[in-house]
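The block underneath contains the structure these notes are about, expressed in structure tokens.
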Amino acid sequence: MPAGNPLPRTFYERPATDVAPDLLGKLLVHDPDGTAETLRAGRIVEVEAYRGDSDPAAHSRSGPTARNSSMFGPPGHLYVYLIYGMHWCANAVCAPAGVGDAVLVRALEPIHGIPLMAALRNRSRRQTSCRDLCSGPAKLTQALGIEGVHDGCDLTSAEGISICDDGRMPADVTQAARIGISRGTELPWRFYDASSPHVSTR
DNA sequence: TTAGAGATGATC
DNA sequence: ATCATCTCTAAG
């Protein structure tokens, strides 16, 4: 078990803006079949918080729908959605059930299973550097093999997809405006490790 | 190195 | 029509 222990559900049972910075340095792990050969993991270096109450950019802003129902479920679960018709994005659901809070995972430092990650991201003819494997919310889901079927899965179980704590702390936590949204741009709810070369922008 | 456009489909 | 994106191509 190279990844440490999964974070407990109580970790997620807080507002997304509190959970988000604490997720920096943790490991996002996908162990699809319990074998070391297919396990891949990356250290979280960039996240964004989305809140159900008064956040115009959140998918949960207008209440539960078929797509966002995981956001309103119990904390410590995964919310996965399709964006622009072709990319999957992964969130950690936060706050008590009934509150539509989540943290979008935007970038990882690849840690384990890097050859498999490169194979899963082999669509491009261009040479994929290690920095290009997980430096974006849709890149990292492709590298880890996270898709719509994983929406709602439990992150606190060591099986399948989990977020684990191995004791490492982020070096340089920085707060800024969120990326790629047209509303709520004034809210400084993006958190990243400025010392990492693996964040989604340079 | 940077800017722009195309891909591609669910959502509300 | 919008969208919590990525990639390639072309221009400078």
Side-chain angles (χ1 to χ4, degrees), chain A residues 12 15-21 23-24 28 42 44-73 75 77-95 99-110 117-153 155 161 163 174-193 197-202:
Chain A
Y12 301 98
T17 40
D18 290 351
V19 175
L23 279 173
L24 296 176
L28 179 58
I44 298 173
V45 297
E46 179 181 349
V47 295
E48 283 176 359
Y50 289 86
R51 292 186 54 154
D53 58 334
S54 68
D55 179 0
H59 288 172
S60 53
R61 63 187 176 274
S62 299
T65 65
R67 173 174 72 161
N68 67 20
S69 65
S70 294
M71 289 185 83
F72 291 93
H77 290 252
L78 200 60
Y79 166 50
V80 182
Y81 68 92
L82 185 67
I83 187 65
Y84 296 112
M86 71 191 90
H87 301 301
W88 297 107
C89 293
N91 298 251
V93 175
C94 299
V99 180
D101 278 30
V103 175
L104 172 70
V105 184
R106 286 196 57 91
L108 307 173
E109 172 190 353
M117 289 187 191
L120 287 167
R121 280 190 43 71
N122 196 20
R123 301 200 179 203
S124 140
R125 287 169 57 234
R126 202 179 233 166
Q127 180 177 5
T128 51
S129 74
C130 188
R131 266 200 342 275
D132 285 332
L133 287 181
C134 298
S135 57
K139 294 180 183 178
L140 69 91
T141 56
Q142 189 177 39
L144 293 192
I146 297 174
E147 301 182 345
V149 294
H150 300 112
D151 180 46
C153 81
L155 291 171
I161 300 167
I163 299 180
T174 304
Q175 187 170 5
R178 296 175 293 183
I179 291 177
I181 54 174
S182 58
R183 288 169 291 193
T185 53
E186 73 284 359
L187 298 170
W189 289 353
R190 172 178 177 238
F191 302 86
Y192 62 100
D193 183 345
H198 300 278
V199 296
S200 65
T201 59
R202 57 188 85 171

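A note on names: the letters A, B, ... follow the listed sequences, proteins ahead of strands, and every chain is numbered from 1.
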Tightest non-hydrogen contact, residues A:Asp151 and A:Val80, listed as OD1-N, 3.0 Å

Of the listed C:dA4, C:dT7, C:dC3, the closest approach to the A:Arg183 side chain comes from C:dC3

Can you figure out which of B:dA10, C:dC6, C:dC3 approaches the side chain of A:Leu82 most closely? B:dA10

Output all residues satisfying ring-ring contact (aromatic ring centres under 6.0 Å, His included) with A:Tyr81, sequence neighbours left out; order by chain, then residue number. A:His59, A:Tyr79

Side-chain N,O (A:Arg61) to OP1/OP2 (B:dC12) below 4.0 Å: no

Going by number, which of residues 46-60 of chain A have a non-hydrogen atom under 4.0 Å from DNA chain B? none

Measure CG/A:Asn68 against P/C:dA4 and give the value in whole Å, please. 12 Å

Within less than 4.0 Å of OP1 or OP2 of C:dT5, is there a side-chain N or O belonging to A:Arg106? yes

For B:dC12, take OP1 and OP2 only and decide whether either is under 4.0 Å from a side-chain N or O of A:Thr65. yes

When every non-hydrogen atom of A:Cys89 is compared with those of A:Leu104, the smallest separation belongs to CB-CD1, 3.8 Å

Tell me which pairs pass salt bridge (Lys or Arg N to Asp or Glu O under 4.0 Å) where either residue lies in residues 55-71 of chain A, with sequence neighbours left out. A:Asp55-A:Arg178

Separation of C:dA4 atom P from A:Glu186 atom CD, nearest Å, is 15 Å

Under the salt bridge (charged side-chain N to carboxylate O under 4.0 Å, His left out) test, which residues partner A:Asp18, sequence neighbours left out? none

Distance, P atom - from C:dA4 to B:dA3, rounded to whole angstrom: 23 Å

Closest heavy-atom pair and its distance - A:Tyr192, A:Ala176: CE2-CB, 4.1 Å

Can you pull every protein N or O that's under 3.5 Å from an N or O on nucleotides 3-8 of chain B?
residue : atom : partner : partner atom : Å
B:dT8   : O2   : A:Tyr84 : O            : 2.4

Note on DNA chain C: ranges paired as stems (three or more Watson-Crick/G-U pairs in a row, both atom distances under 3.5 Å) are B:1-7 with C:5-11, B:9-11 with C:1-3

